[in-house]
Amino acid sequence: MNIHEYQGKSILQSFGVAIQRGYVAESPSEALDVAKKLAEETGTGWFVIKAQIHAGGRGKGVVTETGSHGVVLAKGIDEVQDKANGILGGHLVTAQTNSKGKQVNKVLIAEDVYGPGDSEPKEIYMSVLLDRANGRNIIMYSPQGGMDIEAVAEETPELIFKEAIDPTLGLQGFQARRIAFNLGLNGKAFKEMVKFVSSLYNAYVGSDATMFEINPVLKTSDDRVIAVDSKVSLDGNALYRHKDYAEMRDTTEEDPTEVEADEAGLNYVKLDGNVGCMVNGAGLAMATMDIIKLSGGDPANFLDVGGTADAARVEKAFRIILKDPAVKAILVNIFGGIVRCDRVAQGVVDAYRNMGNIEVPIIVRLQGTNAEEAKRLIDESGLEVKSAILLKEAAEAVSEVLA
């Protein structure tokens, strides 16, 4: 589950990570109010206004309606309302969104942390994530953080460092010190970074996150180390342990069809193809998408109906798949183990009749318990549904309807 920057910062702060302070606002007038509050608490005279969407690259992104960037600086309290108005309600297009962008419903009003001091501010990139190949968490970092981190990774990969963490030992003190050393820090900033890294790793593990990305981590001109940004993904399977984090979910940032499927208990992910998939079991769903590719099509979705594929569930799955106008055919691939194939077949027939006119071809492949009875049910239904028992037959049927 992805969350907003301001939510990620609240998690970081709860684990002792120093952050850039700020407040979220949903209207220009509220932005002005929280800016005044922030000025009283921090003494800041300039304010950073950040669009809150689930996408990176906001600093370079552009709001289509106004031409404003997704991250802007207000050089005084009198500029806050107009700057916020140029972002709120608009659609922000970044390198990580589609051409339509994402509508901005909230902005974060944050303190300016780039003020003058005894040394130059330094932007650092840092993330914590799982290295699946090695089965270890890693801290990835670079002394060249900021908006051009992708170019750094491509042009100067030697400036990208990785620190692997032994899961049985956790982050060790010498590793945190090595990170601070590789970042070229010393004195107070060195000590601050060691503390920052330790707290960040504790936040990653303690929140059951799948990723923490902070770009930039800022070494300020007075040698403090703070998180200026945060991009956080939480493990959805662990949210039962974090009820407060579960409440951070913003469904307006998600695909409406995926939200509807989730509410119906269906595992659905929209893809860009032309063949809808309805399968029971994640492994079988992956194999089904492979067979669709081999047959000349492209999967339009991943949809796992689970082990209770009754008529109501099958009908709901059909309705969700058919919301995608790109779907030219639907392949239903069910292995009957716990659920009997004839029960699924009856669900397909009932769903087809209840939904009325379905214009795309439907291929149903049922194998397992009562597979032959299921095939007979579909063949005798009089509906425009092609049945198959072998996966090869289903693949051939997909090829035929796409030809």
Side-chain angles (χ1 to χ4, degrees), residues 1 130 132 210 235-240 254-255 257-324 327 329-352 360-378 385-399 401:
M1 182 183 81
L130 174 64
R132 296 184 182 277
T210 57
D235 185 350
N237 294 316
L239 288 177
Y240 71 94
E254 301 176 27
D255 184 286
T257 309
E258 292 184 10
V259 174
E260 182 182 353
D262 183 61
E263 291 174 349
L266 300 171
N267 296 312
Y268 174 88
V269 179
K270 188 181 182 304
L271 302 174
D272 297 326
N274 56 359
V275 180
C277 310
M278 186 192 307
V279 192
N280 67 327
L284 185 59
M286 298 297 288
T288 302
M289 291 192 289
D290 286 343
I291 202 70
I292 288 172
K293 290 288 288 186
L294 291 171
S295 66
D298 284 302
N301 63 270
F302 170 101
L303 194 155
D304 176 8
V305 294
T308 55
D310 55 19
R313 197 176 183 85
V314 170
E315 180 176 342
K316 186 66 175 180
F318 270 127
R319 292 188 184 277
I320 287 171
I321 291 172
L322 289 170
K323 287 189 176 184
D324 184 354
V327 170
I330 298 175
L331 174 57
V332 180
N333 189 9
I334 302 292
F335 180 79
I338 297 174
V339 58
R340 298 198 326 254
C341 289
D342 57 330
R343 183 173 296 175
V344 176
Q346 189 61 56
V348 170
V349 171
D350 292 346
Y352 197 105
V360 301
I362 298 175
I363 301 99
V364 179
R365 182 256 179 175
L366 300 169
Q367 185 60 275
T369 308
N370 292 352
E372 292 183 1
E373 292 88 337
K375 185 177 187 305
R376 186 165 55 251
L377 262 172
I378 292 174
V385 178
K386 296 185 178 182
S387 64
I389 293 180
L390 299 178
L391 194 53
K392 181 181 179 182
E393 295 175 355
E396 291 172 349
V398 171
S399 298
V401 300

List the steps, then state whether side-chain contact (heavy atoms from CB on, under 4.5 Å) holds for C341 with Q367. CA-CA 7 Å; C341 289; Q367 185 60 275; 5.6 Å; no
What do the steps show when you test N274 against V327 for side-chain contact (heavy atoms from CB on, under 4.5 Å), and what is the final call? CA-CA 4 Å; N274 56 359; V327 170; over 6 Å; no
Would you please test N333 and T288 for side-chain hydrogen bond (donor to acceptor under 3.5 Å, both in side chains) and show each step? CA-CA 7 Å; N333 189 9; T288 302; 2.9 Å; yes
The test is side-chain contact (heavy atoms from CB on, under 4.5 Å); show your working for V348 and F318 and say whether it passes. CA-CA 9 Å; V348 170; F318 270 127; 4.2 Å; yes
Determine whether L303 and I321 satisfy the following criterion, side-chain contact (heavy atoms from CB on, under 4.5 Å), listing intermediate values before the conclusion. CA-CA 8 Å; L303 194 155; I321 291 172; 3.8 Å; yes
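A345 is linked by a side chain to side chain contact (heavy atoms under 4.5 Å, CB included) to L366, A374, L377, I378, counting only residues two or more places apart in sequence or in another chain. With sequence neighbours left out, the side chain to side chain contact (heavy atoms under 4.5 Å, CB included) criterion links L322 to I330, M355, I358, V360. Scanning for side chain to side chain donor-acceptor pair (under 3.5 Å) contacts around N370 gives D342, with sequence neighbours left out. Shown here are the side chain to side chain contact (heavy atoms under 4.5 Å, CB included) partners of K375, two or more places apart in sequence or in another chain: D379, S387, I389.
In this structure, the side chains of M1 and L239 come closer than 4.5 Å at one or more pairs of heavy atoms. Side-chain contact check for K316 versus V305: every heavy-atom pair is 4.5 Å or farther apart. Here the side chains of D304 and L266 are not in contact, with every heavy-atom distance at 4.5 Å or above.
V275 approaches G297 most closely through the heavy-atom pair CG2-CA, 4.4 Å. Between P299 and I292 the shortest heavy-atom distance is N-CG2, 3.8 Å. Scanning both residues, A285 and F302, for their nearest heavy atoms gives CB-CE1, 3.4 Å. Closest approach of T257 to Y268, counting heavy atoms only: CG2-CE2, 3.7 Å. For the pair A395 and I291, the tightest heavy-atom approach, listed with the atom from each and the gap, is CB-CG1, 3.5 Å.
In this structure, E393 does not pair ionically with K386, as no charged nitrogen and carboxylate oxygen lie closer than 4.0 Å. Salt bridge status for K323 with E260: present, with a side-chain N to carboxylate O gap under 4.0 Å.
Atom CG of N267 is separated from atom CG of N301 by 12.0 Å, given to the nearest 0.5 angstrom. Interatomic distance, CG of L284 versus CD1 of I334, reported as 7.5 Å (0.5 Å rounding).
Applying the salt bridge (Lys or Arg N to Asp or Glu O under 4.0 Å) definition to pairs two or more places apart or across chains, none involves residues 363-373. Sequence neighbours left out, the pairs with a member in residues 262-290 that pass salt bridge (Lys or Arg N to Asp or Glu O under 4.0 Å) are R249-D262, K270-D324.
A donor-acceptor pair under 3.5 Å is formed between the side chain of S399 and the backbone N or O of S295.
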